[in-house]
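The figures here come from the full heavy-atom set of this structure, side chains too, leaving out hydrogens, waters and symmetry mates.
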Number of protein chains: 4
Amino acid sequence: MLNQVVLIGRLTRDPELRYTPGNGVAVCNFSLAVERPFTNRQGEREADFINIVTWRKQAEQCANHLGKGRLVAVNGRLQMRSYETQDGQTRRVAEVVGESVRFLDWPKNSNKNSGSNYSESGFGNQGSSDNSGSDQFGFGGEEYQVDDDDVPF
Amino acid sequence: MLNQVVLIGRLTRDPELRYTPGNGVAVCNFSLAVERPFTNRQGEREADFINIVTWRKQAEQCANHLGKGRLVAVNGRLQMRSYETQDGQTRRVAEVVGESVRFLDWPKNSNKNSGSNYSESGFGNQGSSDNSGSDQFGFGGEEYQVDDDDVPF
Amino acid sequence: MLNQVVLIGRLTRDPELRYTPGNGVAVCNFSLAVERPFTNRQGEREADFINIVTWRKQAEQCANHLGKGRLVAVNGRLQMRSYETQDGQTRRVAEVVGESVRFLDWPKNSNKNSGSNYSESGFGNQGSSDNSGSDQFGFGGEEYQVDDDDVPF
Amino acid sequence: MLNQVVLIGRLTRDPELRYTPGNGVAVCNFSLAVERPFTNRQGEREADFINIVTWRKQAEQCANHLGKGRLVAVNGRLQMRSYETQDGQTRRVAEVVGESVRFLDWPKNSNKNSGSNYSESGFGNQGSSDNSGSDQFGFGGEEYQVDDDDVPF
DNA sequence: TTTT
DNA sequence: TTTT
């Protein structure tokens with residue numbers, strides 16, 4: 001009935017832009033490293049790596065202007081999406097459908113967001129997708145162990 | 001850096017209460033059916049099934065007072081948790097760590113939330129966990145197909 | 001840049017439905033009692049009384065289906081609106097512009113939400129507005145003018 | 001029952017740090033300019049000016065590290081606070097009680113957040129408060145009294 | 001001025 | 001696999 005998510009984090013890689021085969025609707029996927037609000041037992045600050053998907057005009061804006069390391073705020077809803085593995089299994093993956101993505105910093109390298117050479121950024125995106133199969137999204141689940149190390153703060 | 005989630009939905013089954021092996025910290029898991037804000041191409045309203053985990057006193061309150069079908073509001077943060085499958089693979093599963101869980105309706109069957117016979121409710125929870133291994137949490141991902149049917153509204 | 005609010009609370013009175021003078025856009029105002037997550041020094045649970053405004057179709061749905069005491073979830077954005085007092089001062093008042101309003105309970109009195117006799121419910125709302133000048137909004141406001149310029153998007 | 005706010009915006013002036021008279025609890029007030037997600041009829045992007053209050057350690061961190069123009073994300077709850085005007089009227093003002101405040105940029109002027117000369121930054125804050133009576137909060141407020149009874153939990 |  |  002209500003499903004609201006707000007995240008602030010950094011892109012773990014360049015965004016990927018694709019189009020739906022039928023209607024050619026733009027869809028952009030990226031992963032966000034969102035730091036946890038506490039440190040673990042070793043005093044390290046961990047992060048959650050959360051998949052974001054945006055659609056249409058916003059998808060293209062993200063693909064054109066964002067890159068690995070950029071800081072963004074995303075608000076949207078949390079969704080579980082099903083898909084088939086190569087061997088025919090059904091898997092479910094969590095992702096945040098980004099209704100809005102705000103850019104919170106600007107790249108040091110100023111050839112981004114210049115409005116002129118997006119193709120370069122586009123190349124970067126496609127290049128990066130060579131070694132970034134969706135399998136690295138890495139959500140899955142068989143066994144579920146309750147552990148003291150999972151206790152927060 | 002910021003990670004805020006608010007969900008309203010109904011429990012898809014009775015909550016499961018466990019304790020961490022070391023410190024005996026209470027942890028409660030349940031799954032929430034959260035209806036999407038639109039209908040699909042067949043005019044049906046789909047839902048996302050989202051795993052919730054709560055800790056300590058709140059875990060026990062949920063286990064004692066909630067049951068399948070109950071309506072709750074959860075606010076917390078979205079987390080990706082890793083675990084090992086039986087064959088040694090690492091899987092990651094999304095879950096919302098519930099900082100607060102508000103009860104938004106009361107069961108028709110008034111023997112819940114009576115403050116007297118929680119043990120009965122406790123039995124129900126334990127009984128339900130017999131045939132509900134954690135493997136049913138089951139979100140995972142290898143392949144990622146872009147599809148027109150995934151385009152929202 | 002980002003402005004997200006989620007509230008759950010009860011209507012402190014029946015909603016008020018009006019229309020903008022120029023374009024006749026429906027606008028519905030009500031006030032929500034939102035309990036604080038803690039008790040005060042006297043052990044009492046206080047509430048914040050927060051003004052909500054919704055527009056268009058949602059405004060009419062709220063006016064038709066809601067009444068004093070009803071439990072709702074509102075998500076929207078926090079806005080400061082200016083208005084003139086009778087003696088010409090400018091005042092600013094906070095309100096939440098409700099993008100969505102979910103109904104979380106149903107009235108005991110089942111003649112609401114029956115889908116058949118909304119006109120009756122409508123009468124009730126209008127009747128209640130007779131003695132409910134906007135001054136009762138309790139934020140030091142005097143007159144609450146509905147204006148076409150306030151209609152969002 | 002539930003009251004969650006997330007804002008991203010820029011400080012409209014330096015934060016003000018004070019201490020409650022009884023227990024000496026630190027409290028920091030500032031105002032955030034939060035841009036609206038649309039432009040008005042004249043094509044201008046307006047902003048809402050929203051009062052933020054934080055307590056204890058976070059209050060001091062804000063006072064030490066933040067200044068006018070800085071970009072922050074605030075999450076907290078929306079609260080209506082009463083106060084007395086000089087002529088004895090009761091006024092109510094909206095403010096967001098910031099549970100967490102994340103700093104989203106760093107000042108160009110690098111003598112902030114250096115960890116060494118916070119006293120200078122402190123002077124700046126006090127100096128700025130000379131000409132920043134609370135009346136500029138723009139909600140018709142006259143005097144803003146810090147009170148021990150307002151300290152949360 | 002306020003809801004359950 | 002799923003809630004109303």
Checklist entry - Separation of C:Leu32 atom CG from E:dT2 atom P, in whole Å? => result 16 Å
Next on the checklist: Using a 3.5 Å distance criterion without hydrogens, assess whether the side chain of B:Asn29 forms a donor-acceptor pair with backbone atoms of B:Val53.
Outcome noted: no
Next on the checklist: Whole angstroms only, please: what is the CD1-P distance between B:Ile50 and F:dT3?
Outcome noted: 15 Å
Checklist outcome for this item: Taken to the nearest whole Å, CZ/B:Arg36 to C1'/F:dT2 is 14 Å
Checklist entry - Run the side-chain hydrogen bond (donor to acceptor under 3.5 Å, both in side chains) check on B:Asn64 and B:Glu60 step by step: do they pass? => result CA-CA 6 Å; B:Asn64 284 336; B:Glu60 287 170 325; over 6 Å; no
Item to check | Nearest listed nucleotide, side chain of C:Ser31, among E:dT2, F:dT2, E:dT3 | outcome: E:dT2
Checklist entry - Within the side chain of C:Arg45, is there an N or O that forms a donor-acceptor pair under 3.5 Å with the backbone of C:Arg36? => result yes
Next on the checklist: If I take atom CD1 in residue C:Ile52 and atom C1' in nucleotide E:dT3, what distance separates them, rounded to the nearest angstrom?
Outcome noted: 13 Å
Next on the checklist: In whole Å, I'd like the distance from the CG atom of C:Asn29 to the P atom of E:dT2.
Outcome noted: 20 Å
Checklist outcome for this item: The nucleotide from E:dT3, F:dT4, F:dT2 with an atom nearest the side chain of B:Glu35 is F:dT4
Checklist entry - Between E:dT4 atom C1' and C:Arg70 atom CZ, what is the distance in whole Å? => result 13 Å
Checklist entry - For the pair made of CG in C:Leu71 and P in E:dT2, what is the distance, rounded to whole Å? => result 20 Å
Checklist entry - Can D:Ser82 and D:Arg92 be counted as having a side-chain donor-acceptor contact under 3.5 angstrom? => result yes
Item to check | Residue D:Arg92, side-chain heavy atoms: nucleotide from F:dT3, E:dT2, E:dT3 that is nearest | outcome: E:dT2
Checklist entry - With centres under 5.5 Å and planes under 30° as the test, does B:Phe49 stack with F:dT3? => result no
Checklist entry - Once you round it to whole Å, what is the distance between P of F:dT3 and CZ of B:Phe30? => result 16 Å
Item to check | Selection from E:dT3, F:dT2, F:dT4 that lies nearest to any side-chain heavy atom of B:Thr12 | outcome: F:dT2
